[in-house]
Amino acid sequence: MTHLLRICAAWLCMTAFLPATAQPSGSPVAQPDVRLLANQPYGPDPRQRMDVYLPPKMQQGAPMLVMVHGGAWMFGDKAAASVVDRKVEHWVREQGFILVSVSYRFVPQVDVMQQAQDVARAVATAQANAPSWGGDAGRIVLMGHSAGAHLAALVSASPSIARQQGARPWLGTVALDSAALDTAELMQRRHMPFYDRVFGADPAFWRSVSPTDALASGAPPMLLVCSTQRRDGSCAQARQFAARIAATGGRAEVAPEDLSHAQINAELGLPGAYTTTVDAFVRSLLKASGRS
């Protein structure tokens with residue numbers, strides 16, 4: 001068993017450094033009673049695509065959850081079971097949300113700022129298409145895990161990125177366990193080697209893609225979920241980032257969870273305290289919008 005775990009760990013390390021074109025990419029799978037609009041384009045590149053999951057009992061004006069997958073900024077899959085399955089079950093089938101799962105271009109094809117622009121462009125496209133899908137463009141919540149959490153936090157911290165891509169403000173953001181919320185600080189201490197490939201060696205670029213450094217007034221409310229099992233500062237960065245948001249007059253909540261980095265993503269949607277915490281935040285956003 002130990003040997004098998006070592007093999008799996010080695011495979012994960014190797015895939016983190018494969019070119020984007022070498023990464024496996026699954027096809028979205030339709031869920032029972034859920035209508036799937038697969039690979040909706042939001043740009044010309046093959047990776048600028050979204051899968052849209054519509055609830056069984058479609059009613060006009062449904063709230064929308066836009067999900068950004070992780071994968072070390074260099075790989076990942078919008079159709080992965082850990083990204084969509086339990087979120088579809090909980091929010092789409094049970095609560096009538098529309099789930100939009102977003103893919104984006106990978107490093108080294110593009111840099112991290114261009115990835116953030118992809119996310120913002122995807123949000124803008126979801127807003128534009130919301131009425132035709134039966135959704136409410138004014139009731140969108142952005143969510144991301146790992147690298148996707150960093151990108152979601154970045155476009156939320158710096159509203160100008162979203163505006164430049166045509167996106168209008170959304171209700172709020174849920175960042176699922178990012179250890180790169182203070183990217184500049186991360187790069188100046190001991191870190192895993194793959195961060196060097198992702199963020200390079202230019203301190204000015206680190207600051208430009210750091211949610212903490214890019215934070216501007218007008219950021220939407222954020223829920224920062226972090227794993228207490230990690231030893232690389234995920235929860236410490238979440239608390240520091242939340243304090244910075246509060247200092248600008250914004251709203252941020254930190255939700256430490258005794259779950260692994262992978263479980264933070266895969267178990268969201270299961271019955272329990274963790275899902276209840278995220279649900280409460282999302283409901284508070286909908287209530288504040290006046291259209292709960």
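Computed from a predicted model, the values in this text were never measured in an experiment. The figures here come from the full heavy-atom set of this structure, side chains too, leaving out hydrogens, waters and symmetry mates.
Between Asp232 and His191, the side chains place no donor N or O within less than 3.5 Å of an acceptor N or O (distance only, hydrogens not considered). Residues Asp182 and Gln240 bring no donor and acceptor atom of their side chains to less than 3.5 Å of each other.
Cluster membership check: Leu151 shares its hydrophobic cluster with Val100, using side-chain heavy-atom separations under 4.5 Å among Ile, Leu, Val, Met, Phe, Trp and Tyr. Leu99 is connected to Val34 through a chain of hydrophobic side-chain contacts under 4.5 Å among Ile, Leu, Val, Met, Phe, Trp and Tyr, so both are in one cluster. Linking Ile, Leu, Val, Met, Phe, Trp and Tyr residues whenever their side-chain heavy atoms come within less than 4.5 Å leaves Val88 and Leu270 in two separate clusters. No continuous path of hydrophobic side-chain contacts links Phe199 to Phe241 [ILVMFWY only; heavy atoms under 4.5 Å]. Hydrophobic clustering (ILVMFWY, side-chain heavy atoms < 4.5 Å, transitive): Met187 and Val198 are in one cluster.
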- Task: Take Met64 and Trp133, measure what side chain to side chain contact (heavy atoms under 4.5 Å, CB included) needs, and give me the verdict at the end.
- Result: CA-CA 10 Å; Met64 301 172 63; Trp133 296 339; 3.7 Å; yes

- Item | Worked verdict on Arg230 versus His261 for side chain to side chain contact (heavy atoms under 4.5 Å, CB included) | CA-CA 7 Å; Arg230 294 180 68 169; His261 181 64; 3.1 Å; yes

- Message: For Leu223 and Val225: C-alpha separation, side-chain torsions, deciding distance, then whether side chain to side chain contact (heavy atoms under 4.5 Å, CB included) applies.
- Response: CA-CA 6 Å; Leu223 175 65; Val225 179; 4.2 Å; yes

- Query: Given the rule in the side chain to side chain contact (heavy atoms under 4.5 Å, CB included) test, do Gln127 and Ile140 qualify, once you have shown the distances and angles that lead to the verdict?
  - Reply: CA-CA 8 Å; Gln127 290 171 332; Ile140 288 179; 3.5 Å; yes

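Looking only at side-chain heavy atoms (C-beta outward), Phe97 and Pro55 stay at 4.5 Å or farther from each other. Residues Leu142 and Val174 form no side-chain contact, since every pair of their non-hydrogen atoms from C-beta on lies 4.5 Å or further apart. Contact annotation: the side chain of Leu286 approaches that of Pro63 to within less than 4.5 Å [non-hydrogen atoms, C-beta and beyond]. Counting only heavy atoms from C-beta outward, the side chains of His145 and Val68 never approach each other to under 4.5 Å. You'll find the side chain of Glu267 stays beyond 4.5 Å of the side chain of Glu257, heavy atoms only. At least one side-chain heavy atom of Ser160 sits less than 4.5 Å from a side-chain heavy atom of Gln164. The closest side-chain heavy-atom distance from Ile98 to Val92 is not below 4.5 Å. Leu268 places a side-chain heavy atom less than 4.5 Å from the side chain of Trp91.
No option in Asp279, Thr275, Asp85 other than Asp279 meets the side-chain hydrogen bond (donor to acceptor under 3.5 Å, both in side chains) test with His90.
Distance alone, capped at 3.5 Å, places no donor-acceptor pair between the Gln165 side chain and the Ala120 backbone. The backbone N or O of Met222 sits nowhere less than 3.5 Å from a side-chain atom of Arg251 that would complete a donor-acceptor pair. Using a distance-only test at 3.5 Å, with no hydrogens or angles considered, a donor-acceptor pair links the side chain of Arg231 to the main chain of Thr228. A distance-only check finds no donor-acceptor pair linking the side chain of Glu253 to the backbone of Phe281 [under 3.5 Å]. One N or O on the side chain of Arg49 and one on the backbone of Gly43 form a donor-acceptor pair closer than 3.5 Å. Between the side chain of Thr173 and the main chain of Ser156, no donor-acceptor pair closer than 3.5 Å is present. The backbone N or O of Thr183 lies less than 3.5 Å from a partner atom in the side chain of Ser210, making a donor-acceptor pair. Formation of a donor-acceptor pair under 3.5 Å by the Asp177 side chain with backbone atoms of Cys226 is not found in this model. Using a distance-only test at 3.5 Å, with no hydrogens or angles considered, no donor-acceptor pair links the side chain of Arg207 to the main chain of Ala184. In this structure, the side chain of Ser146 does not engage the main chain of Gly148 through any donor-acceptor pair within 3.5 Å.
The two residues Val123 and Val66 have their closest heavy-atom pair at CG2-CG1, 4.4 Å. When all heavy atoms of Ser234 and Ser178 are compared, the closest pair comes out as OG-O, 3.7 Å. Summarising the geometry of Ala130 relative to Ala137, their closest heavy-atom pair is CB-N, 3.7 Å, with the distance given to 0.1 Å. Across Val254 and Pro256, no two heavy atoms sit closer than the pair O-CD, 3.5 Å. Tyr42 approaches Met50 most closely through the heavy-atom pair CD2-CG, 3.6 Å. Residues Ser101 and Val83 come closest through the heavy atom pair OG-CG1, 3.8 Å.
In this structure, Ser208 OG and Leu154 CG are separated by 8.0 Å, a value rounded to the nearest 0.5 Å. Expressed to the nearest 0.5 Å, how far OH of Tyr53 lies from CG of Leu65 amounts to 12.5 Å. Expressed to the nearest 0.5 Å, how far CG of Leu176 lies from CD1 of Ile264 amounts to 7.0 Å. Atom CG in Leu186 sits 9.5 Å away from atom CD in Gln188 (nearest 0.5 Å). Separating the CG atom in Leu171 from the CG atom in Leu285 is a distance of 6.0 Å, to the nearest 0.5 Å. Distance check, rounded to the nearest 0.5 Å: CE of Met143 to CG of Asn265 gives 9.0 Å.
Here Tyr104 and His69 bring their ring centres to under 6.0 angstrom of each other.
Atom CD of Gln59 is surrounded by 12 or fewer heavy atoms from other residues, nucleotides or ligands within 6.0 Å.
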Donor-acceptor contacts, no H, no angles, side chain residues 110-118, under 3.5 Å, sequence neighbours left out:
residue, atom, partner, partner atom, Å
Asp111, OD1, Met113, N, 3.1
Asp111, OD1, Gln114, N, 2.9
Gln114, OE1, Asp111, N, 2.9
Gln115, NE2, Trp73, O, 2.9
Gln115, NE2, Arg105, O, 2.9
Asp118, OD1, Gln48, NE2, 3.0
Asp118, OD1, Arg105, NE, 3.3
Asp118, OD1, Arg105, NH2, 2.8
Asp118, OD2, Arg105, N, 3.1
Asp118, OD2, Arg105, NE, 3.0

